[in-house]
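See below for the structure under consideration.
Worth saying up front: this structure is predicted, and the values here are computed from it rather than measured.
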Amino acid sequence: MMVKSGGKNSSDIDLPTEALKDHASALRAHTKALKINTEAMLLLGRLSHKRILDELTAFFDREGHPITDDMPISQVVTGPAGIDTRYKDLNNWPAFKAAGLKLRRNDLAGLRTMGPVADVISEHMQ
């Protein structure tokens, strides 16, 4: 049994039902806009160098200490494993994954500063 609210409009539709329909319509429009935005971003291709550095800053949880081109990798990644062992994690970082990053083992090996890391990431986006 449906309980009607006290207020009805001229077409005798329950106001809460109409509000839900309006909300659902707005959600569909928002979802469509997000899809268009995502497709546009993918068409733009690679992320900018600065955006890659910003994403690396977030990836390595360095809020307040942004990663720069000339920053030694040793200031970002410590330990014997180094940055080259993090390629799978970088591939799965949301912004990089959306941009189609496909790093392979040793793509980041031998690099000393973060600028070249950002360059390699850019080169491996599809």
Side-chain angles (χ1 to χ4, degrees):
M1 177 172 136
M2 187 167 118
V3 177
K4 298 271 185 183
S5 67
K8 294 180 184 176
N9 64 15
S10 61
S11 64
D12 201 34
I13 296 176
D14 188 12
L15 288 179
T17 301
E18 191 171 311
L20 284 172
K21 287 180 181 178
D22 290 344
H23 184 69
S25 177
L27 286 174
R28 281 191 297 275
H30 181 72
T31 302
K32 183 177 179 182
L34 285 175
K35 181 179 178 189
I36 291 169
N37 186 38
T38 301
E39 289 170 354
M41 288 181 68
L42 291 174
L43 289 174
L44 290 174
R46 297 183 176 140
L47 301 174
S48 71
H49 187 81
K50 178 173 178 355
R51 174 72 189 275
I52 292 170
L53 291 175
D54 291 345
E55 291 298 331
L56 287 170
T57 297
F59 176 82
F60 288 108
D61 196 23
R62 295 185 50 87
E63 187 175 329
H65 304 284
I67 290 176
T68 60
D69 282 335
D70 59 347
M71 182 178 285
I73 291 173
S74 61
Q75 286 184 4
V76 178
V77 180
T78 57
I83 197 167
D84 53 320
T85 62
R86 304 290 305 271
Y87 73 99
K88 288 181 182 177
D89 297 330
L90 286 164
N91 285 340
N92 289 317
W93 184 252
F96 296 151
K97 187 174 186 173
L101 181 60
K102 300 286 186 209
L103 288 175
R104 296 177 311 268
R105 180 184 308 274
N106 298 324
D107 283 343
L108 301 172
L111 301 178
R112 295 195 170 132
T113 59
M114 294 304 291
V117 170
D119 292 339
V120 170
I121 287 173
S122 179
E123 292 167 6
H124 285 81
M125 289 183 186
Q126 300 180 359

Q.
Minimum heavy-atom separation for Leu47 and Ala99, please, with both atom names.
A.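 Of all heavy-atom pairs spanning Leu47 and Ala99, the closest is CG-CB, 4.1 Å.
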
Q.
Give me the atom names and distance for the closest heavy-atom approach of Pro66 to Met71.
A.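 Taking Pro66 first and Met71 second, the nearest heavy atoms are O-CE, 3.4 Å.
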
Rounded to the nearest 0.5 Å, what separation is found between the [atom1] atom of [X] and the [atom2] atom of [Y]?
X	Y	atom1	atom2	answer
Asp22	Thr17	CG	OG1	11.0 Å
Phe96	Ile52	CZ	CD1	6.0 Å
Leu20	Ser25	CG	OG	12.5 Å
Phe59	Ile83	CZ	CD1	8.0 Å

Please enumerate all residues that pass side chain to side chain donor-acceptor pair (under 3.5 Å) together with [X], with sequence neighbours excluded.
X	value
Thr68	Asp70
Asp89	Arg86
His65	none

Q) Excluding sequence neighbours, so at least two apart, what forms ring pair (Phe, Tyr, Trp, His ring centres under 6.0 Å) with Tyr87? A)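 None.
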
Q: For Arg28, check salt bridge (Lys or Arg N to Asp or Glu O under 4.0 Å) against everything at least two apart and list the hits.
A: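 Here no residue qualifies.
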
Q | Partner residues of Lys50 under the salt bridge (Lys or Arg N to Asp or Glu O under 4.0 Å) criterion, sequence neighbours left out | A |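 Counting only residues at least two positions away or on another chain, Lys50 forms a salt bridge (Lys or Arg N to Asp or Glu O under 4.0 Å) with Asp54.
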
Q. Is the backbone N or O of Ile67 less than 3.5 Å from a side-chain atom of Thr57, with the two atoms forming a donor-acceptor pair by type?
A.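 The answer is yes, because a donor-acceptor pair under 3.5 Å joins these two groups.
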
Q. Does Pro72 have any side chain to side chain contact (heavy atoms under 4.5 Å, CB included) partners at least two apart in sequence or in another chain, and if so, which?
A.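 In terms of side chain to side chain contact (heavy atoms under 4.5 Å, CB included), with neighbours along the sequence ignored, Pro72 is linked to Ser74, Gln75.
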
Side chains of residues 104-121: which donor-acceptor partners sit under 3.5 Å, not counting sequence neighbours?
| from | atom 1 | to | atom 2 | distance (Å) |
| --- | --- | --- | --- | --- |
| Asp107 | OD2 | Arg104 | N | 2.6 |
| Asp107 | OD2 | His124 | NE2 | 3.3 |
| Asp119 | OD1 | His49 | ND1 | 3.3 |

Q) Do other residues, nucleotides or ligands put more than 12 heavy atoms under 6.0 Å from the CG atom of Asp61? A)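 No, CG of Asp61 has 12 or fewer neighbouring heavy atoms, counting only those of other groups under 6.0 Å.
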
